[in-house]
Peer 1: 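Quick one: the structure is below, and I'll ask about it shortly.
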Amino acid sequence: MTPFQVQLFDGEQVRLMAFNPEKDSEVEARWTSDPDFWRLTSLKPACPLSTAQVKKRREAWEKEAREKRNRFDFAIRLRADDRLVGYAHIDSLEWNHGHAWLHLAIGDPADRGQGYGSEAMRLLLRYAFHELNLYRLTTDTFEYNPRGVKFLERHGFVLEVRRRQAILRDGKRWDEYRFGLLREDWERPGK
Amino acid sequence: MNDLLRGELVRLTAHNPETDAEAAARWSANSEFGRLLDSSPYWPMSLREMKDNLAAEPTGFSFMIRVLTDDRLIGFVDQGMAQPQHGETWVAIGIGEPEYWGKGYGTDAMRVALRYGFTELNLYRVSLGVFSYNERALRSYAKAGFKVEGRLRRALHRDGQWWDEINMGVLRSEWGL
């Protein structure tokens, strides 16, 4: 028996698991045909991707993870039936500073508001701070996404930067918000 | 119209990997310069690597900085256009010759780069990141018109201490006021 009693990848409702590009790419491609999905997760122009494009992108990320060891990708799956509901990843990792960026999304609007994202975030934070031994995580969200802001604040992230009017969407300028979370704040009891 | 790439002390010129790599490799052998510029672990670049680096397909608008009086190559300034649809670039600048530090050459080059960004690229805003131990750069960027927009707390660990990455930005509506 090991001293480790923690199941790093298991939540109550979801698990962090590997991607299977053969099977998952079709689901991920479906998410990209929803412009809201893009606008909630990315500064890039919304652009529907084919299954083949998504698969190629996944494979490129796998290669990057293997060669540079600067990213960790997880599929968020339901424990009940293994269905893919989202992704969670850590990237732009700088080992010398213990710093990385974190990204998490639930793909289908019908799967949002079920607690899947919160559970996956708790698992991902523990993985980042207690397995990768990172010191700090950075992530961003946008002024027009108050739900995203609340989500990050609930998990202890602090708004650190407002990049003024950095986003132009639907003819309006919006701020990009950058959030940070330090390991010592995450570890503090009663956080 | 005035010469778009000419400032009061410096002008911005094209990259020439063949003639510029030697100076750039020498700059990269200075760890103080390397740590002011970049968060990656400091590593001196060989002449070969620097040549390849300079010859690589540019992802944005890259210039060398030369002194007006004697044409001496003293640094570089790059603007990367990650998301052109939002009208924004991220700018990186380095004065590699330490005897030109603190004398206004970098600020002048940044002013020229901003004029290029706002009047030629028609940007809406220009952004940069700077480390909290680089006080000279912070003063220079403020002089060129950048405002602090926040700090990524303890994003760097160097010489046994934590430092912040400070994010700055300047909007076209603020520029040149």
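Letters go in sequence order (proteins before strands), and every chain restarts at 1. As a basis for the values below, the full set of heavy atoms in this structure was taken, side chains included, without hydrogen atoms, waters or symmetry mates.
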Peer 1: Taking Leu43(A)'s backbone N and O only, do any of them form a donor-acceptor pair with His86(B)'s side chain (distance below 3.5 Å, no angle check)?
Peer 2: yes

Peer 1: Under a 4.5 Å heavy-atom cutoff, which of Arg169(A), His99(A), Gln165(A) has the most pairs with chain B?
Peer 2: Gln165(A)

Peer 1: Using the rule that two of Ile, Leu, Val, Met, Phe, Trp, Tyr join whenever any of their side-chain heavy atoms come within less than 4.5 Å, decide whether Ile106(A) and Phe151(A) are in one cluster.
Peer 2: yes

Peer 1: I would like to know whether Glu149(B) and Arg163(A) meet side-chain contact (heavy atoms from CB on, under 4.5 Å); could you show each step before the answer?
Peer 2: CA-CA 6 Å; Glu149(B) 296 184 315; Arg163(A) 300 198 332 100; 4.1 Å; yes

Peer 1: Look at the side-chain heavy atoms of Ile, Leu, Val, Met, Phe, Trp and Tyr, link any pair under 4.5 Å apart, and say whether Met45(B) and Phe76(B) land in one connected group.
Peer 2: yes

Peer 1: Just checking Arg136(B): does its CZ atom have more than 12 heavy atoms from other residues, nucleotides or ligands closer to it than 6.0 angstrom?
Peer 2: yes

Peer 1: Taking a hydrophobic cluster as the set of Ile, Leu, Val, Met, Phe, Trp and Tyr residues connected by side-chain heavy atoms closer than 4.5 Å, whether directly or through intermediates, do Phe157(A) and Trp101(A) fall within one such cluster?
Peer 2: no

Peer 1: Can you tell which part of Gln85(B) gets under 4.5 Å to a heavy atom of chain A, answering side chain, backbone, both or neither?
Peer 2: both

Peer 1: Do the side chain of His157(B) and the main chain of His97(A) share a donor and acceptor less than 3.5 angstrom apart?
Peer 2: no

Peer 1: Chain B heavy atoms under 4.5 Å from Glu176(A): which part of the residue, side chain, backbone, both or neither?
Peer 2: neither

Peer 1: Counting only heavy atoms not in Arg69(A) (residues, nucleotides, ligands), do more than 12 fall under 6.0 Å from its CZ?
Peer 2: no

Peer 1: How far apart are the C-alpha atoms of Ser39(B) and Glu94(A), what are their side-chain angles, what is the distance that settles it, and do they pass the side chain to side chain donor-acceptor pair (under 3.5 Å) test?
Peer 2: CA-CA 8 Å; Ser39(B) 58; Glu94(A) 294 189 301; 2.5 Å; yes

Peer 1: Under a 4.5 Å heavy-atom cut-off, does chain A meet the side chain of Arg125(B), its backbone, both or neither?
Peer 2: side chain

Peer 1: With a 4.5 angstrom heavy-atom cut-off, could you sort out which part of Trp162(B) is near chain A: side chain, backbone, both or neither?
Peer 2: side chain

Peer 1: Going only through I, L, V, M, F, W and Y residues with side-chain contacts under 4.5 Å, is there a path from Phe129(A) to Val158(A)?
Peer 2: no

Peer 1: Would you mind checking if Glu174(B) and Arg164(A) are paired as a salt bridge, meaning a charged N to carboxylate O distance below 4.0 Å?
Peer 2: yes

Peer 1: Verify the neighbour count for atom CZ of Arg147(A): are there more than 12 heavy atoms of other residues, nucleotides or ligands below 6.0 Å?
Peer 2: no

Peer 1: Looking only at non-hydrogen atoms, find the nearest pair between Pro45(A) and Gln83(B) and report the distance.
Peer 2: CD-OE1, 4.2 Å

Peer 1: Between Leu8(A) and Leu104(A), is there shared hydrophobic-cluster membership here, with clusters defined by ILVMFWY side-chain heavy atoms closer than 4.5 Å?
Peer 2: yes

Peer 1: What part of Tyr135(A) is in contact with chain B, defined as an atom under 4.5 angstrom from a non-hydrogen atom: side chain, backbone, both or neither?
Peer 2: side chain

Peer 1: Which one, Leu152(B), Asp164(B), Asn167(B), Val148(B), leads in non-hydrogen pairs under 4.5 Å with chain A?
Peer 2: Leu152(B)

Peer 1: Please identify which of these residues, Arg151(B), Arg153(B), Arg154(B), meets the salt bridge (charged side-chain N to carboxylate O under 4.0 Å, His left out) condition with Glu160(A).
Peer 2: Arg153(B)

Peer 1: Can you tell me if CD on Glu12(A) sees more than 12 non-hydrogen neighbours from other groups inside 6.0 Å?
Peer 2: no

